[in-house]
Amino acid sequence: MADSVFANVVRAPEDPILGVTVAYNKDQSPVKLNLGVGAYRTEEGKPLVLNVVRKAEQLLVNDPSRVKEYLPITGLADFNKLSAKLILGANSPAIQENRVTTVQCLSGTGSLRVGGEFLAKHYHEKTIYIPLPTWGNHPKIFTLAGLSVKTYRYYDPNTRGLDFSGLLEDLGNAPSGAIVLLHACAHNPTGVDPTSDQWEQIRQLMRSKGLLPFFDSAYQGFASGNLDSDAGSVRMFVADGGECVAAQSYAKNMGLYGERVGALSIVCKSADVAARVESQLKLVIRPMYSNPPLHGASIVANILKDGELYTEWTIEHFIYLLTGTPGDWSHIVKQIGMFTFTGLNTNQVAFMTKEYHVYMTSDGRISMAGLSLKTIPHLADAIHAAVTNVV
Ligand code: PGU
């Protein structure tokens, strides 16, 4: 047999986050626990679908007038309008003045990628600053989008809090006009967010240097439990009349992970600019995947536009924020969002996986949403053993 024409393809490593699920699926142990990916689980550790999502889905199935026609390149119009309202606020002047363009994209990742490619093509400064650390896919998304990626200091391992002076210093030294990736709330993986006063200082510094804010909003509702408060950082930057970019994901806050529902909004100075920006976004999207999928966006639109379902969503979703925290380390209580940055090192994580079948990312991040009352003691044992046996 002749060699494969692909014989020189080298094996790539598993993804640092999604690869944790691959390893977990292979494990046969009955006590295994997956705290890698940020996803809600039932007490039994099974994936959880919100009731309100089931209801909205049923409405779609029962409606015979619904067809499977292609969506426009920009996606479902209702979904886009409602998404802009969710992040910018119902009474946002920017929306009223028609200077926001919103396009439906493939969840948060797709929104970041489309936004990145648009900026690489049409924005004058090609450097994007991302926090250190950040979600592991950020540098890859923006590099492949054609931007050059640099980091700014964000987390201080000594205080297990924000390195605010480092952040201000690094953004202060960024070239004017550079793009800055900001986690709108519930920073992943650290769970550390700036206070409103700190956000205000960041805003002033960024506006004074003409730095362009690119918000990643993957956890709206997870930081404070309130959708509006969690969009406060974004709204602060819109209220000053300046421009910004925002990527939204419904993967976590509606539990729609695999439906791949998200939106990219670009807030512009005028309606005329917004229309031209949208025309160019279509040119980015069309050759990439032509137009986005219909089903998930229809679910979201049904929930967001219906008063009753909307209320049900806000109540049901936030009940799951009340998951208990193991241990009494004060940083764990202080950190917010779906994840806890435990401070466990790579060796301790490897030990917990090998000896206790507990799966998490090697940086020590655990998804709190993967825990249940039943599994907390097992995790606590595993952490105790790791901390006492492994340095
Ligand atoms: N932005 C941030 C900050 C994220 O944490 C995630 C998902 C995304 C964007 C993109 O999510 P979409 O599913 O594309 O909407 N991070 C999760 C999910 C697993 C992953 O890495 O994709 C996580 O566990 O970090």
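All heavy atoms count here, side chains included; hydrogens, waters and symmetry mates do not. Remember, it's 1-based here, ligands and their atoms both numbered in the order they're listed.
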Discussion item. Regarding Asp272 and Arg276, does a basic nitrogen lie under 4.0 Å from an acidic carboxylate oxygen?
Written reply: yes
Worksheet item: What class does the angle between the rings of Tyr154 and His187 fall in, given that below 30° is parallel, 30 to 60° is tilted and above 60° is perpendicular?
Response: parallel
Worksheet entry | ring-ring contact (aromatic ring centres under 6.0 Å, His included) against Phe164, all qualifying residues, sequence neighbours excluded | none
Fill in: Partner of Met360 under side-chain contact (heavy atoms from CB on, under 4.5 Å), chosen from Val20, Ile17, Val349
Val349
Worksheet item: Taking the six-membered ring of Phe341, is the NZ or CZ of Arg365 close enough (under 6.0 Å from the centre) and on axis enough (within 45°)?
Response: no
Practice prompt. Write out the protein residues near ligand 1, meaning a non-hydrogen atom under 4.0 Å from one of its atoms, in order of chain and number.
Written response: Ile17, Leu18, Val37, Gly38, Ser107, Gly108, Thr109, Trp135, His183, Asn188, Asp216, Ala218, Tyr219, Ser249, Ala251, Lys252, Arg260, Phe339, Arg365
Worksheet item: Are Lys32 and Asp27 ion-paired here, with the side-chain N under 4.0 Å from a carboxylate O?
Response: no
